[in-house]
Amino acid sequence: MRRSPYKICLKKQIDVAKFTSDIITQQLSKNKNSVLGLATGSTPEQTYRELVKRHLPHQKDWSHVRTINLDEYVGLDKNNPQSYHYYMHFHLFNHVGLPECNTFLPDGTSSDPISEGQAYEQRIIDLGGIDLWLIGIGSNGHIAFNEPGSSRDSRTRLVNLSDQTIIDNSRFFEKKTTVPTQAITVGIATIMEAKRIILIATGKKKSKAIYAALKGPVGPDCPASFLREHPNCTFVVDEAAAILCRNNFV
Ligand code: GLP
């Protein structure tokens with residue numbers, strides 16, 4: 001048995017999506033009351049499409065599933081099409097019969113981000129912890145919105161986005177100046193407490209971050225590198241994302 005992080009390289013983005021949605025579907029079959037941690041961004045979109053496809057023929061029961069998301073932009077309310085609330089409803093929640101009351105994201109409009117962060121951490125504890133957390137990776141190695149420099153002990157909090165992240169995420173906004181500069185994100189310690197973590201990455205633009213996460217030093221320069229210390233973490237990437245360290249993958 002290989003040691004965590006398990007590293008799986010598949011040919012294309014669609015293969016990553018199918019593989020990942022199979023893992024999530026298996027998790028729901030094992031425990032229909034699962035607590036899933038979820039991510040946003042363009043990478044998981046195809047995984048969510050695959051999950052919706054699998055839900056339809058078998059009517060996989062999501063009614064007892066609870067979800068916790070990684071992060072939310074500060075200043076965007078839930079009806080804003082660029083908000084992560086909106087994204088999750090659009091790509092997943094509305095299509096699998098997940099009751100609204102079972103879905104949780106940080107409130108980016110909170111006037112008290114410190115209390116919001118503490119309440120979010122407590123929410124995760126009250127739910128019994130995260131069974132499986134699906135996460136992506138930023139081109140600078142961030143996970144959720146834990147930018148380079150984030151501490152291993154970090155918890156849900158208000159953060160400033162790096163210039164790189166603002167540039168990367170500007171493709172979702174009309175112009176760069178309208179990208180929020182802050183977010184509320186779970187911390188690295190919050191993510192590391194999940195029982196299982198699946199990190200997905202596709203495309204050459206993620207290859208440097210994947211290399212740094214797997215081959216660089218474990219530390220805050222590349223927040224995703226901390227995942228190497230998790231006992232049950234799997235990196236699922238396509239060939240383009242693995243290009244700088246292909247030999248490390250099965
Ligand atoms: C955002 C999210 C991250 C995500 C990253 C990569 O910054 N906060 O959770 O991993 O984007 O997104 P993409 O998949 O669009 O490259």
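Numbering of ligands and ligand atoms starts at 1, following listing order.
- Against a heavy-atom cut-off of under 4.0 Å, Tyr84 is close to the following atoms of ligand 1: 1 (C), 2 (C), 8 (N).
- Remark: the backbone N or O of Asp238 is not paired with any side-chain donor or acceptor of Thr202 at under 3.5 angstrom.
- Scanning the protein for heavy atoms near atom 12 (O) of ligand 1, the closest one is Gly41 CA, 3.9 Å.
- Of the heavy atoms in Ala39, none comes closer than 4.0 Å to ligand 1.
- Less than 6.0 angstrom separates the ring centroid of Phe173 from the ring centroid of Tyr73.
- Hydrophobic clustering places Ile200 together with Ile23 (ILVMFWY residues linked when any side-chain heavy atoms are closer than 4.5 Å, directly or through intermediates).
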### Stepwise side chain to side chain contact (heavy atoms under 4.5 Å, CB included) test for Ile68 and Trp133
CA-CA 9 Å; Ile68 285 276; Trp133 212 323; 4.0 Å; yes
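- In this structure, Lys205 does not count as a contact residue of ligand 1, since none of its heavy atoms falls inside 4.0 Å of the ligand.
- Between Asp131 and Lys195 there is a salt bridge, with a side-chain nitrogen of the basic residue lying less than 4.0 Å from a carboxylate oxygen of the acidic one.
- Scanning the protein heavy atoms around atom 3 (C) of ligand 1, the nearest turns out to be Ala144 O, 3.6 Å.
- Taking 4.5 Å as the limit, some side-chain heavy atom of Asn140 sits within range of a side-chain heavy atom of Pro148.
- Near Arg171, the atoms of ligand 1 lying under 4.0 angstrom from a non-hydrogen atom of the residue are 13 (P), 15 (O), 16 (O).
- No part of Tyr73 comes within 4.0 Å of ligand 1, judged by heavy-atom distances.
- For ligand 1, the atoms lying closer than 4.0 Å to a non-hydrogen atom of Thr43 are 13 (P), 14 (O), 16 (O).
- Using a 4.0 Å cut-off between heavy atoms, Asp71 contacts ligand 1 through its side chain alone, with no backbone atom that close.
- Looking only at heavy atoms of the protein, atom 4 (C) of ligand 1 is closest to Thr40 O, 4.1 Å.
- Side-chain polar atoms of Asp112 and Ser115 form a donor-acceptor pair below 3.5 angstrom.
- Proximity of Glu45 to ligand 1 is not established, as no heavy-atom distance is less than 4.0 Å.
- Applying the 4.0 Å criterion to heavy atoms of Leu70 picks out, from ligand 1, the atoms 9 (O).
- Remark: ligand 1 atoms within the under-4.0 Å shell around heavy atoms of Phe145 are 1 (C), 7 (O), 8 (N).
- Classified by interplanar angle (parallel below 30°, tilted 30° to 60°, perpendicular above 60°), the ring pair Tyr86/Phe90 is parallel.
- For Asn146 and Arg157, the side-chain atoms include at least one donor-acceptor pair closer than 3.5 Å.
- Listed by number with element, the atoms of ligand 1 under 4.0 angstrom from any heavy atom of Lys206 are 6 (C), 13 (P), 14 (O), 16 (O).
- Ligand-side atoms of ligand 1 in range of Asn169: 1 (C), 7 (O), range being under 4.0 angstrom from any heavy atom.
- Atoms of ligand 1 found under 4.0 Å from any heavy atom of Gly136, numbered from 1 in the order shown, are 10 (O).
- Summary of contacts: the protein heavy atom closest to atom 11 (O) of ligand 1 is His142 NE2, 4.0 Å.
- The nearest heavy-atom contact from the protein to atom 6 (C) of ligand 1 is Ile137 O, 3.5 Å.
- Side-chain contact, Thr165 with His142: a donor N or O sits under 3.5 Å from an acceptor N or O.
- Considering every non-hydrogen atom in both Gln13 and Thr43, the closest pair reads NE2-O, 4.4 Å.
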